[in-house]
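Data block below; observations after.
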Amino acid sequence: MISQLLMYSKINLQYVISYFGLIPYFFILLINKDIISFTEKEIVSDFIIYYTLIISVFIGSMNWNLQQKIPAHLVIYGFLPSIFAVIIIILNLLNYSNSILYLSLMTVLIAQLIFDYIIIFKNKKNNNVFYFLRLPLTTLIVLTLIAI
């Protein structure tokens with residue numbers, strides 16, 4: 001039923017699911033911070049850090065096409081978010097400042113967006129994925145990280 005609905009409409013299920021990924025950020029923004037205890041604030045902060053890392057690693061892996069051989073620089077570029085994620089996880093476990101971790105996450109997301117445009121989308125004729133998915137989602141995630 002759902003597949004038939006999507007087939008007849010111009011809705012791209014991948015776009016819809018990608019935007020659903022913003023729900024945890026918006027939910028955290030809506031939680032009343034006065035109600036949450038100190039322990040719960042740490043859990044919420046850890047969740048946001050780890051969830052953002054999952055998104056960053058996912059974005060990096062999207063550039064891999066396992067059905068064909070891709071240039072080595074794209075393989076390395078796609079793997080860099082995983083290395084960054086491990087570093088952030090270690091720093092978080094060592095109780096580094098959440099402000100520094102959030103700033104690092106925002107910096108990496110913005111750098112990833114810029115490099116995605118330069119490396120992947122700049123020379124493509126159809127940049128809809130970049131302009132309707134990558135750019136707005138990354139912008140919204142960075143803005144919610146600032147707000148949180």
Side-chain angles (χ1 to χ4, degrees), residues 2 5-6 9-66 70-148:
I2 293 176
L5 176 67
L6 292 172
S9 69
K10 298 227 179 209
I11 296 173
N12 184 327
L13 186 58
Q14 293 164 309
Y15 279 54
V16 173
I17 290 172
S18 295
Y19 277 96
F20 279 157
L22 294 172
I23 291 172
Y25 292 107
F26 294 143
F27 180 74
I28 301 277
L29 281 173
L30 295 175
I31 293 176
N32 186 342
K33 296 191 184 346
D34 297 330
I35 297 173
I36 301 173
S37 70
F38 179 74
T39 307
E40 290 169 338
K41 285 181 183 177
E42 287 181 17
I43 292 170
V44 167
S45 180
D46 286 349
F47 172 80
I48 288 298
I49 289 169
Y50 296 137
Y51 187 70
T52 304
L53 289 173
I54 290 169
I55 290 172
S56 175
V57 170
F58 178 77
I59 291 168
S61 68
M62 282 179 43
N63 301 321
W64 289 23
N65 184 346
L66 298 176
I70 62 172
H73 73 280
L74 286 179
V75 173
I76 293 168
Y77 175 67
F79 181 67
L80 287 177
S82 299
I83 294 171
F84 171 74
V86 170
I87 293 168
I88 293 295
I89 290 168
I90 291 169
L91 292 176
N92 191 46
L93 292 173
L94 294 173
N95 292 320
Y96 264 65
S97 165
N98 281 346
S99 298
I100 292 172
L101 296 178
Y102 278 43
L103 183 61
S104 299
L105 289 169
M106 290 183 278
T107 302
V108 165
L109 286 171
I110 292 169
Q112 192 176 32
L113 179 70
I114 293 167
F115 285 117
D116 271 4
Y117 181 77
I118 293 169
I119 294 171
I120 297 161
F121 294 104
K122 185 176 181 182
N123 295 321
K124 284 190 174 182
K125 291 180 182 177
N126 185 355
N127 286 333
N128 286 345
V129 172
F130 184 81
Y131 291 115
F132 295 114
L133 196 64
R134 285 287 286 120
L135 183 61
L137 285 175
T138 299
T139 303
L140 288 169
I141 290 169
V142 169
L143 291 174
T144 55
L145 287 173
I146 290 169
I148 292 171

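Using cut-offs of 30° and 60° for the angle between ring planes, the Phe130 and Tyr117 rings count as tilted.
Aromatic ring centroids of Phe121 and Tyr131 lie 6.0 Å or more apart.
Here the OG atom belonging to Ser104 is positioned 10.0 Å from the CD1 atom belonging to Ile87, to the nearest 0.5 angstrom. The OG1 atom of Thr107 lies 11.5 Å from the CD1 atom of Ile100; values are rounded to the nearest 0.5 Å. Rounding to the nearest 0.5 Å gives a distance of 6.0 Å between CD1 of Ile141 and CG of Leu109. Taking CZ of Arg134 as the reference point, atom OG1 of Thr139 lies at 9.5 Å (rounded to 0.5 Å). Here the CD1 atom belonging to Ile59 is positioned 5.0 Å from the OG1 atom belonging to Thr138, to the nearest 0.5 angstrom. Considering CG of Leu143 and CG of Leu29, their distance stands at 10.0 Å, rounded to 0.5 Å.
In this structure, a donor-acceptor pair under 3.5 Å is present between the side chains of Tyr50 and Asn92.
The side-chain heavy atoms of Leu80 and Gln112, taken from C-beta on, include no pair separated by under 4.5 Å. Within the 4.5 Å cutoff, the side chain of Phe26 has no heavy atoms near those of the Ile23 side chain. Inter-residue side-chain proximity for Ile148 and Tyr102 is flagged as met; some heavy-atom pair is nearer than 4.5 Å. In this structure, Phe132 and Asn127 have side chains that are not in contact, with every pair of non-hydrogen atoms separated by 4.5 Å or more. The side-chain heavy atoms of Thr144 and Leu22, taken from C-beta on, include no pair separated by under 4.5 Å. Side-chain contact between Asn128 and Tyr15 is present, with heavy atoms from C-beta onward closer than 4.5 Å. Within the 4.5 Å cutoff, side-chain heavy atoms of Leu53 are placed close to those of Ile49.
Heavy-atom neighbours of Phe47 CZ from other residues, nucleotides or ligands within 6.0 Å: above the threshold of 12.
Checked by atom type and distance alone, the side chain of Ser45 never pairs as donor or acceptor with a backbone atom of Lys41 at under 3.5 Å. Between the side chain of Tyr96 and the backbone N or O of Ile88, no donor-acceptor pair lies under 3.5 Å. For the pair Ser56 (side chain) and Thr52 (backbone), a donor-acceptor distance under 3.5 Å is absent. Counting only distance, with no hydrogens or angles, the side chain of Tyr25 and the backbone of Val142 share no donor-acceptor pair below 3.5 Å.
Scanning both residues, Ala85 and Val57, for their nearest heavy atoms gives CB-CG2, 3.8 Å.
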